[in-house]
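Here's the structure, in structure tokens; my notes come after.
In each ligand, atom 1 is the first atom listed, and ligand 1 is the first ligand listed. What you see is a predicted model; the values in this text were computed from it and never measured.
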Amino acid sequence: MARRKKVYEGKAKILYEGPEPGTLVQYFKDDATAFNAEKKATIEGKGVLNNRLSEFFMTGLNNIGVPTHFIRRINMREQLIRAVEIIPLEVIVRNFAAGSMAKRLGLEEGTQLPRPIIEFSYKNDDLGDPLVPEEYIIAFGWASQQDLDDIVALALRVNDFMSGMMMGVGIRLVDFKIEIGRVWDGDFMRLIVADEISPDSCRLWDIETGQKLDKDVFRRDLGNLTDAYTEVARRLGVMPANSGFGGKPTLVN
Ligand code: TMP
């Protein structure tokens with residue numbers, strides 16, 4: 001059998017050519033990196049959890065009319081997605097101060113922000129994804145003012161959906177990162193949510209205890225990352241507690 005063609009390999013995922021034009025297969029690896037890949041590990045089961053969780057969030061977004069690249073899950077580690085042209089920005093939405101914002105402004109982590117704050121980083125590993133103002137984005141042609149207005153509207157809808165979803169299971173959505181892609185329907189260009197939405201790209205804190213249930217567990221050596229992601233999945237009903245998960249990943253369809 002012919003091997004399928006690898007289109008791109010990133011730190012946590014691989015993209016392969018899809019079965020039809022305009023589609024790709026997104027494979028979730030178990031690799032975890034932090035601090036621009038200065039810190040690396042392989043965490044058994046992470047890819048399976050993120051595949052399932054990203055499916056869950058993107059399906060929910062599609063269902064409320066927020067367009068995403070997600071088409072369907074193929075197996076434990078792979079999903080079929082629409083091919084997009086990725087805008088080279090990390091779109092970060094913050095509800096509470098944490099991470100780089102807390103550090104930059106000298107705020108205590110967990111301080112509630114007056115309103116959701118959106119910021120943009122230029123997606124470039126060699127430069128360490130620097131924070132960029134809107135003026136750079138427009139001047140360098142990464143996105144137009146109209147694109148940015150649309151991206152902000154999408155990001156706020158994702159924030160409301162994700163915050164509500166998490167609140168329902170006792171988790172605070174502190175902040176998250178999304179990526180946006182362009183797709184064309186003939187001459188008409190649309191912006192859709194791409195990449196992944198998972199505990200790798202969000203900060204998720206238990207509302208009662210403040211326990212971290214996201215990639216900070218790995219970044220800051222706070223315990224077992226798979227246990228934290230499994231807890232998020234369990235609360236959302238994505239992977240039942242009795243699915244045998246915790247040892248070798250097994251999936252319940
Ligand atoms: P930060 O506080 O480190 O800037 O991170 C803000 C949010 O973005 C947080 O939810 C983690 C997420 N994030 C990524 O998804 N990828 C990255 O490379 C970084 C630095 C942060």
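Atoms of ligand 1 lying under 4.0 Å from at least one heavy atom of R219, given by number and element, are 11 (C). Numbered from 1 in the order shown, with element, the atoms of ligand 1 that lie under 4.0 Å from a heavy atom of G99 read 2 (O). Atom numbering of ligand 1 starts at 1 in the shown order; those under 4.0 Å from a heavy atom of F176 are 10 (O).
Remark: the backbone N or O of I14 is not paired with any side-chain donor or acceptor of K29 at under 3.5 angstrom.
Annotation: E119 places no N or O atom under 3.5 Å from an N or O atom of ligand 1; distance criterion only.
When V174, I178, D175 are checked for heavy-atom proximity to atom 9 (C) of ligand 1, D175 turns out nearest. Atom 17 (C) of ligand 1 has its nearest heavy-atom neighbour, among E90, K177, K11, in E90.
Proximity of F218 to K39: side-chain heavy atoms (C-beta onward) are separated by under 4.5 Å at one or more points. Looking only at side-chain heavy atoms (C-beta outward), T42 and D31 come within less than 4.5 Å of each other. Put simply, the side chain of Y229 reaches to within 4.5 Å of the side chain of D200, judged on heavy atoms.
Neither the backbone nor the side chain of E109 has a heavy atom within less than 4.0 Å of ligand 1. Here R94 has side-chain heavy atoms under 4.0 Å from ligand 1, and that is the only part of it that gets that close. Under 4.0 angstrom from ligand 1, the non-hydrogen atoms of C202 all belong to its backbone.
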How far apart are the C-alpha atoms of D150 and R190, what are their side-chain angles, what is the distance that settles it, and do they pass the side-chain contact (heavy atoms from CB on, under 4.5 Å) test?
CA-CA 9 Å; D150 293 348; R190 287 192 307 132; over 6 Å; no

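Salt bridge status for K13 with E179: absent, with no side-chain N to carboxylate O gap under 4.0 Å. Salt bridge annotation for R203-D175: present, with a cationic side-chain nitrogen under 4.0 angstrom from a carboxylate oxygen.
Ranking protein heavy atoms by distance to atom 3 (O) of ligand 1, first place goes to R203 NH2, 3.6 Å. Of the protein's non-hydrogen atoms, S100 OG, 2.5 Å is the one closest to atom 4 (O) of ligand 1.
Closer than 4.0 Å to atom 20 (C) of ligand 1 lies none of the heavy atoms of the protein.
Under 3.5 Å, the side chains of D147 and S144 contain a donor-acceptor pair of N or O atoms.
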